[in-house]
2 protein chains.
Amino acid sequence: MENKKKITITDVADKAGVSKSTVSQYLNKRYQYMSSETKNKIAKVIEELNFRPNDNARNLKVKKTKVVGIVLANLLHHLSTEIVRVVEERLQSHEIKVFICNSDDSPEKESDYIDLLISKQVDGIIIFPVGNDPKVYNYVISYGIPLVFIDRIVDGVTTDCILLDNKAACRLAVSQLQNKGHENIAFLTLPTDIPVSTRRERIEGFKEAMSFYQLEVQENNVFSVPREEIQGVLEQRFLQENKPTAIVAGNDLVLREVLSFINKVSLSMPNDLALVSIDEVTYSNLYNPSITTVNQPVKEMGEKTADILLDRINGKTDDPFRVYRFAPELIIRGSC
Amino acid sequence: MENKKKITITDVADKAGVSKSTVSQYLNKRYQYMSSETKNKIAKVIEELNFRPNDNARNLKVKKTKVVGIVLANLLHHLSTEIVRVVEERLQSHEIKVFICNSDDSPEKESDYIDLLISKQVDGIIIFPVGNDPKVYNYVISYGIPLVFIDRIVDGVTTDCILLDNKAACRLAVSQLQNKGHENIAFLTLPTDIPVSTRRERIEGFKEAMSFYQLEVQENNVFSVPREEIQGVLEQRFLQENKPTAIVAGNDLVLREVLSFINKVSLSMPNDLALVSIDEVTYSNLYNPSITTVNQPVKEMGEKTADILLDRINGKTDDPFRVYRFAPELIIRGSC
DNA sequence: TTGTAGGCGTTATCAG
DNA sequence: CTGATAACGCCTACAA
């Protein structure tokens with residue numbers, strides 16, 4: 001189990017009785033310039049020695065690494081990982097591998113991983129951004145590495161962005177509820193003090209949708225509070241007059257809290273309270289009653305991300321950067 | 001937005017009016033050999049030029065990369081990602097970064113990613129294995145890269161393994177059910193034709209636990225079928241005599257199917273049917289009724305994984321490789 | 001305290 | 001078809 005000296009292309013060349021160059025030719029599949037005899041010989045030696053070329057050395061000469069880095073805000077966020085899967089599949093089919101990094105909602109970690117990916121010379125970077133310092137991201141761009149944002153926009157950074165049409169999502173949610181006769185609708189989301197474009201868009205979208213359907217937005221029905229306070233504010237709200245008859249949960253974390261609240265006070269859906277959640281969750285079909293959700297088109301978004309990135313990497317496009325908005329889809333289930 | 005020539009240590013040296021070596025010293029924080037004047041000058045130039053050292057070149061000389069690769073079987077599997085988070089946190093505190101790769105339950109992809117990680121010269125590799133060809137894994141070891149398996153064992157590979165004590169998990173599940181007076185207990189798991197040690201261990205564990213509690217294992221109560229067949233076999237089974245009064249779900253995927261079945265035929269838990277699931281799921285507390293689960297000690301397992309790997313990487317141990325079994329924990333909730 | 005020279009493992013160029 | 005040889009960007013003696 002000694003940590004033996006790593007074997008190199010030179011070892012292979014020596015043992016095969018050819019030169020390094022020839023082995024290199026072999027590694028790069030330039031078989032044309034090679035007798036099938038030497039070819040086989042090299043193959044055998046590589047097998048025997050269990051040789052693997054050192055990519056670091058290779059990338060010193062060759063500019064492309066065929067690796068793309070994805071920096072995830074949160075590994076546990078199901079939507080992100082689903083998009084990643086789609087992106088990865090698409091990139092794989094172009095022979096590109098993916099390294100996933102987890103920023104764990106920390107701008108510092110995110111920045112560290114971006115630096116690492118740059119120093120590894122990856123061909124492209126995809127970020128679910130958590131930070132709000134444009135400098136970090138702009139450096140990637142100025143370094144010449146194609147960059148795509150998913151899920152959020154960062155002020156001051158001009159690059160391709162893949163986003164849900166959040167306002168349309170709210171409109172779908174509200175439309176479904178007002179269809180069912182609800183007028184007193186509450187909206188809950190996490191705090192918007194940090195510049196997370198998504199949350200702000202959803203609040204605005206909710207308000208716009210309400211007025212679109214000529215419903216009144218009661219100010220004590222719109223909440224933007226930290227996760228751990230959600231149950232508290234709901235309990236309070238439901239002690240007041242004029243209880244909401246329906247709730248729109250601004251994302252999956254909010255949904256969890258809302259469901260806990262509903263369980264705790266034994267409300268029954270959809271009669272006591274109707275519910276629509278933005279973003280799919282794993283248990284929407286399983287839950288009793290099943291949960292109506294507004295879903296992101298994961299497949300389309302992932303594929304678009306991969307395609308844009310590929311085009312930029314291969315220099316196939318000089319189109320100006322733009323924001324791609326994807327239409328949400330309403331999945332009507334039992335909760336409303 | 002031209003893809004400008006990447007700037008190198010030479011550019012920095014030139015612009016700062018010092019030599020490459022001095023810049024290198026700076027990069028490696030050897031400030032002792034440097035006037036604070038030159039130090040500041042270099043810092044400024046690096047900032048201005050937005051220089052980032054090329055890790056590939058660096059790693060050619062320096063053996064440690066300070067990067068560990070994790071190959072995940074399935075990004076969407078919550079348990080895995082939770083363990084990854086713990087591992088990562090631990091490794092971060094030792095200045096080690098983590099690249100996550102998704103094998104997507106494909107042995108080929110897994111093998112490709114292992115090769116990639118090797119050629120990137122990572123310091124260590126952690127795998128949630130999906131393949132069963134020892135060669136792939138043994139190559140990592142023979143290459144001198146420390147390797148840790150999580151969740152499964154692979155026949156023919158001798159290395160450190162982090163596993164749940166699966167038999168104990170089944171014993172906990174059965175004990176809880178027999179406590180509640182159940183005797184006719186069914187067990188469901190996915191197929192065991194591929195050599196996935198975990199599934200086999202859980203089936204055996206179930207049988208042993210039953211006999212330990214002097215309960216009879218009815219052969220038509222033990223299922224090992226593909227996911228898409230689970231609901232079908234349950235429907236059939238519940239048409240027969242002697243219906244089970246309780247079910248143990250062998251993992252989270254099985255649980256989903258069982259819950260769908262229960263919903264479809266409108267059984268009520270825990271009265272019509274009691275349920276215990278092995279492995280935690282995100283919705284266990286939210287569900288109605290909440291779901292009793294046998295949990296893996298994610299934190300301990302993740303930390304142990306990181307610690308073992310760190311010790312191996314730093315050559316701090318020559319202990320023989322071993323299998324670490326972790327005690328599961330029963331979380332009693334409403335489903336039984 | 002700074003500079004020079006050589007090497008890390010691979011690829012590319014160009015003779016042979 | 002094969003083999004020298006010079007990069008690639010950085011690090012590390014050792015010399016100045």
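All chains are named by letter (A, B, ...) in the order of the sequence lines, taking the proteins before the strands, and each is independently numbered beginning at 1.
- Checked by distance alone, B:Lys20 brings no side-chain donor or acceptor within 3.5 Å of a matching partner on the base of C:dT4.
- Heavy atoms from other residues, nucleotides or ligands lying under 6.0 Å from CG of B:Asp319 number more than 12.
- Within 4.0 Å (heavy atoms only), B:Ser24 reaches at least one base atom of the nucleic acid.
- Computed from C1' positions of five pairs at each end, the angle between the two local axes of the helix from C:dT1-D:dA16 to C:dG16-D:dC1 equals 40°, rounded to 10 degrees.
- For A:Lys6 and C:dC8, the NZ to C1' distance is 14 Å, given to the nearest whole Å.
- Within the 4.0 Å cut-off from OP1 or OP2 of D:dA4, not a single side-chain nitrogen or oxygen of A:Ser21 is found.
- A sub-4.0 Å separation between OP1 or OP2 of C:dG9 and a side-chain N or O of A:Thr8 is absent.
- Side-chain contact between A:Phe51 and A:Val45: absent, with no pair of heavy atoms (C-beta onward) separated by less than 4.5 Å.
- A:Arg58 has no side-chain polar atom (N or O) that falls below the 4.0 Å cut-off from OP1 or OP2 of D:dC8.
- Both A:Asp55 and B:Lys61 lie near DNA chain C, and the one whose nearest nucleotide falls closer to the 5' end is B:Lys61.
- The side-chain hydrogen bond (donor to acceptor under 3.5 Å, both in side chains) test applied to B:Tyr26 returns no partner, not counting sequence neighbours.
- Counting non-hydrogen atoms under 4.0 angstrom, A:Val18 reaches the backbone sugars and phosphates but no base.
- Between B:Thr22 and C:dG3, a side-chain N or O to OP1/OP2 separation shorter than 4.0 Å is present.
- Side-chain N/O atoms of B:Arg30 include none lying less than 4.0 angstrom from OP1 or OP2 on C:dT1.
- The only member of B:Ile126, B:Ile145, B:Val122 that meets side-chain contact (heavy atoms from CB on, under 4.5 Å) when paired with B:Val68 is B:Ile126.
- Taking atom CG of B:Asp14 as the reference point, atom C1' of D:dC10 lies 15 Å away to the nearest angstrom.
- A heavy-atom distance below 4.0 Å to DNA chain D is reached by these residues of residues 41-53 of chain B, ordered by number: B:Phe51, B:Pro53.
- Checking D:dC8, D:dT2, C:dT11 against the side-chain heavy atoms of A:Lys63 singles out D:dC8 as nearest.
- Taking atom OH on A:Tyr26 and atom C1' on C:dT11, their separation rounds to 17 Å, with Å as the unit.
- A salt bridge does not link A:Glu300 to A:Lys304: none of the charged nitrogens lies less than 4.0 Å from a carboxylate oxygen.
- One interatomic measurement links the two molecules: CG of A:Asn59 to C1' of D:dC8, which rounds to 11 Å at whole-angstrom precision.
- Checked against side-chain hydrogen bond (donor to acceptor under 3.5 Å, both in side chains), B:Thr38 has the following partners two or more places apart in sequence or in another chain: B:Ser35.
- Counting to the nearest Å, the C1' atom of C:dA12 and the CG atom of A:Leu27 are 14 Å from each other.
- Checked options B:Glu89, B:Glu88, B:Gln92, B:Arg85; the residue passing with A:Asn102 is B:Glu88 (criterion: side chain to side chain donor-acceptor pair (under 3.5 Å)).
- A straight line from CD of B:Gln25 to C1' of C:dT2 spans 9 Å, rounded to a whole angstrom.
- Contact annotation: B:Ser19 reaches the phosphate of C:dG3 (side-chain N/O to OP1 or OP2, under 4.0 Å).
- Surrounding NZ of B:Lys66 are at most 12 heavy atoms belonging to other residues, nucleotides or ligands under 6.0 Å away.
- Scanning for ring pair (Phe, Tyr, Trp, His ring centres under 6.0 Å) contacts around A:Tyr139 gives A:Tyr143, with sequence neighbours left out.
- Residue pairs that meet the ring pair (Phe, Tyr, Trp, His ring centres under 6.0 Å) test with at least one member in residues 99-122 of chain A, sequence neighbours left out, are A:Phe99-B:Phe99.
- Taking 4.0 angstrom as the limit, B:Thr10 places none of its side-chain polar atoms (N or O) nearer than this to OP1 or OP2 of D:dG9.
- Atoms CG (B:Asn56) and P (D:dC10) sit 10 Å apart, rounded to a whole Å.
- Taking atom NZ of residue B:Lys64 and atom C1' of nucleotide C:dC8, one finds them 17 Å apart after rounding to whole Å.
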